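Remember, predicted model here, so these are calculated numbers, not experimental data. All chains are named by letter (A, B, ...) in the order of the sequence lines, taking the proteins before the strands, and each is independently numbered beginning at 1.
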Amino acid sequence: MRTRTYGLTLLACFCLLLFGLASVQLVGGGRYYELGLKNTIRLIPEEPYRGRILDRNQEVIVDNILSFDAVMIPQEVSDKDRVLRRLADILSMDVDEIAARYERGYLNPFTPVVIAEGVSKSVAIRLEEERLEMPGVAVELNSRRLYPFGTTAAHVIGYLGEIDRGRITRLKEYGYDIKDKVGYGGIEERLDIYMRGQKGGRQIEVDNRGRQVRLLGYKPPVPGEDVTLTIDLELQQIADGLLNGRKGAVVVMDVRTGEILVLSSAPAFDPNVFVDRRDRRAMNHYLTSEDAPLFNRAIRGQSPPGSVFKIVTAAAAMRENKKFTPAASFVCHGQMKIGNRFFKCWSTHGTQDFYAAMAHSCDIYFYELGLMAGPDQLTHTAKEFGLSEPTGIDLPREASGFIPSRIWKRLTRFEGWYDGDTANFSIGQGFVLTTPLQLARMMAVVANGGYLPTPHVTKAVAGREVPAAAAKPVRISREHLERIRTSLRFPVSQENGTARMLNIAGLDICAKTGTAQVYGEESHGWVAGFFPFKNPRYAFCVFLENAGSGSYAVILARDLFREAQKRGKMS
Amino acid sequence: MMTARPRKVITIVIFILLFFGLLCLYSSCHQKGIFVKKDIFVKQLLWVGVGWGVLFLASRYDYRSLKTWVIPLYVVSLLCLFYVLFSGRAIMGAQRWISLGEFSFQPSELGKFALILTLAAYYSIKASYDLQARPRALGAGRGILLPLLITLVPTGMVLLQPDLGTAIVYLFIFASVALLAEVRMRYLLSLAAAGLALMPLFWHFLKDYQKSRLMVFLNPNTDPLGAGYTIIQSKIAIGSGRFFGKGWMSGTQSQLNFLAERHTDFIFSVWGEEWGFFGSFVLVVLYALLIVSILRVAELARDMFGRLLAAGVAALVFFHAFINIAMNIGMCPVVGLPLPFMSYGGSSLVINMAAIGIVLNIARQK
């Protein structure tokens, strides 16, 4: 019974709609038709001031400057050809180029078309002076993104560019629109929503030729929020300088909080190129070069860690075999037979205990430990150290790295796991892949006594501290971690340790080197560690792509920390 | 007469609506004669195909077996809503989408469907000695408070997104299903009275932009750049269609870039401009026909579950169509509900098609 009544009510609502439609389309139709012919209401948006990016000491890394833009307002241009020629003269540009920009940028009669961005003050003055002779030309004062330090910290910062299609569809719900400027990569992308502010604008009424008649409403733009990073600009500059001309990455982080002080990747790019858009060659180079300058090697580059991985092997062996002590010795003859293959050490070390093996990075010793632990324990322990998962850093598109397991090999290679695989696994070769950031975090776990911190580069947004995610305890006993921590001093302190060059007075660095063989190319060089030995504060990782050996990474780390110490940064 | 064969009528009406929708979308994807948003049109074409497939499958699946899916579906829809609420936290407050590669999926759409199913199943629980469920005999607790709770959980979650439109849809579905389940009238009336009394309190929970949208509805000039602008532009577009409209592909207002959301929530403005009052009239009549037919199916259904299911679907389609058209012509605030079968968007289309498929099945099994 109620169904009938309900249905009738709904029909009544539809009748109401029809009345509404009739009143808009039939009664008001004529008036709206007139309005529509002219479409007299226009919106002219006004861009807000984008939030700046500061380093941990409130030094401005990314700023905005006021730039003079030469624009043409279509509705006011009377003699287009003459104006174009005159403009070409003043701006010393090609007439065709100006005409092309005008065509490309034309939206409607009243929106100014930008012809040249960031013209010099003298040009701006000349344009203003000759304004009467060139009706339709004006100088606009716009705020423009400026990266005063060029390539410094480029991968942390990212760059600003015009929004692409994919992002519009994804972000439309949040008020993004065509022609908006949005961040690409780094903090510019990650915290775009905070920094962008809110657009304002004028609503104007125009006449039938599209010329403004009067101002109907004005909404001032709301400026975006400033962002403070955990990055130390001075250290970052030193690291960037040392990496210049090579391929690789440097990460320095606080072992307790996960704050990132340095995150450097090379080759780097200059974000200004994307804002300016005049240097097409540089842009093309960045986008297409084989060296991938836009690629953040520190968080996205995945390579085998080589001997740095021996830390995992040691921890796995201790977890598996409770009787293992650092005094346990194996003899290194330069090679050993595993299965039916000979596995080599990079030298012949003779009898080695745990500390000596760490100091010399003896492969034989760690083959033995790896076999003692077995592949399952190696896999588990590597995962405890946060490998094979993204660290959760607040930068976009982090890679997860890879840790093999027996079941993975069975499912993807249709092969069983051999002892040879275990041997490769235990020296960080074969299938293992890690990012420089993951290795720095692994060192932080060893240094801080067993907590996985979440690395982050954002310290505060709009002056409010961003709370760091809680560090996760790892399931590796403190005693084992303490042994590993102690052992990591030996590569630096021993006379013939592999990281001897890092023996800088006053810093007490602990570190492990790695030389990862890559098939058909030069080996990658690694060094990762932490300091000071007592009460560690910083963890670091240096990665050099195809450098040939870990010792090049050690040299870079030495130069970095020496310079930092000289400037009083590491006390 | 026309409602004697609801299955045929429903299928034909849906076919026409989808066809109109594609016509309209095709036109709105053009700007000054150039096909600027081809990808949107192609995607929608794909979704219409998928939609028919879903409709066909749903119409072949005995709706009574859906009862076993009720609890899992309800839980899954809550989990999805919960997920979007928290996954987006780190970026910017909250989000409404779950991304699946190229496509994204809106859990609040699934929620509508799950809610109809859950409420229908709830009211059709019957005592063993009864032949049919009799919600009329239920007391206040089981008759109205418990189903209200079932509704309020997802409603609260979409409110937090914040998506006011969908939250109201959920409440409307609840009201409709409870009404047609013949729950005692005095319970319904007291609930409505309580709701009205709590209205001022509710106002405080609204986000600023939602408040401003409501204020703009009262006076479009308060926000000339935001929602007010959209209403004015949409009214100009629809009004300038006059009686016969400007003809397909000739809508100047909606094809120019004046309306940002013209594929989705404001697709009707394109329709109204190009086909005029004549077209709008036809469209409203089609929706009315569709809803009357679905209600007819509800009336003829052989059990309470089928009846309430169909009623819920009718409520869903009605509310979307009514509110969407009303907001396009400035008769109600802009709340962001799509026009069923016409607006661009895969989630809502597929869910609607599935719902219609179920109605067809109910009609088959009488």
Check your understanding: Is any side-chain heavy atom of Leu295(B) closer than 4.5 Å to a side-chain heavy atom of Arg4(A)?
Key -> no

Practice item. Report, as yes or no, whether the 6.0 Å neighbourhood of atom CZ on Phe243(B) holds more than 12 heavy atoms from other residues, nucleotides or ligands. Key: yes

Check your understanding: Any idea which of Val24(A), Leu11(A), Leu18(A), Leu10(A) has the most non-hydrogen atom pairs under 4.5 angstrom with chain B?
Key -> Leu10(A)

Review point. If you take all heavy atoms of Phe322(B) and Cys13(A), which pair is closest and at what distance?
Key: CE1-O, 3.3 Å

Exercise for review: Applying ring pair (Phe, Tyr, Trp, His ring centres under 6.0 Å), name anything that partners Tyr102(A), two or more places apart in sequence or on another chain.
Suggested key: none

**Study point:** Phe268(B) portion near chain A, given a 4.5 angstrom heavy-atom threshold
**Key:** side chain

Check your understanding: With side chains defined as the heavy atoms from C-beta onward, is the minimum distance between Ile238(B) and Gln25(A) less than 4.5 Å?
Key -> yes

Point to revise | Winner by heavy-atom pair count (cut-off under 4.5 Å) against chain A, out of Ala314(B), Ala315(B), Ser280(B), Ala321(B) | key: Ser280(B)

Practice item. Just jot down the salt bridge (charged side-chain N to carboxylate O under 4.0 Å, His left out) partners of Arg52(A), sequence neighbours excluded, or say none. Key: Asp226(A)

Point to revise | Part of Ile291(B) within contact of chain A (heavy atom distance under 4.5 Å) | key: side chain

Exercise for review: May I ask you to name which of Ser23(A), Ala22(A), Gly28(A) has the most heavy-atom pairs under 4.5 Å with chain B?
Suggested key: Ala22(A)

Point to revise | Region of Tyr287(B) that comes under 4.5 Å of a non-hydrogen atom in chain A | key: both

Check your understanding: So which bits of residues 455-472 of chain A come within less than 4.5 Å of chain B, counting non-hydrogen atoms only?
Key -> none

Point to revise | Considering all heavy atoms, the nearest Thr3(A)-Arg307(B) contact | key: OG1-NH2, 4.2 Å

Check your understanding: Excluding sequence neighbours, so at least two apart, what forms salt bridge (charged side-chain N to carboxylate O under 4.0 Å, His left out) with Arg441(A)?
Key -> Glu389(A)

Check your understanding: Which pair of heavy atoms, one from Phe14(A) and one from Val284(B), lies closest together, and at what distance?
Key -> CD2-CG1, 3.8 Å

Revision key, fill the gap. Interatomic distance, CZ@Phe277(B) vs CG@Leu26(A), rounded to 0.5 Å, equals 5.0 Å

Practice item. Measure the CZ-CG distance between Phe281(B) and Leu21(A) for me, rounded to the nearest 0.5 Å. Key: 10.5 Å

Review point. Is atom OH of Tyr49(A) surrounded by more than 12 heavy atoms (other residues, nucleotides or ligands) closer than 6.0 Å?
Key: yes

**Study point:** Side chain proximity check, Leu179(B) to Tyr6(A), heavy atoms < 4.5 angstrom
**Key:** yes

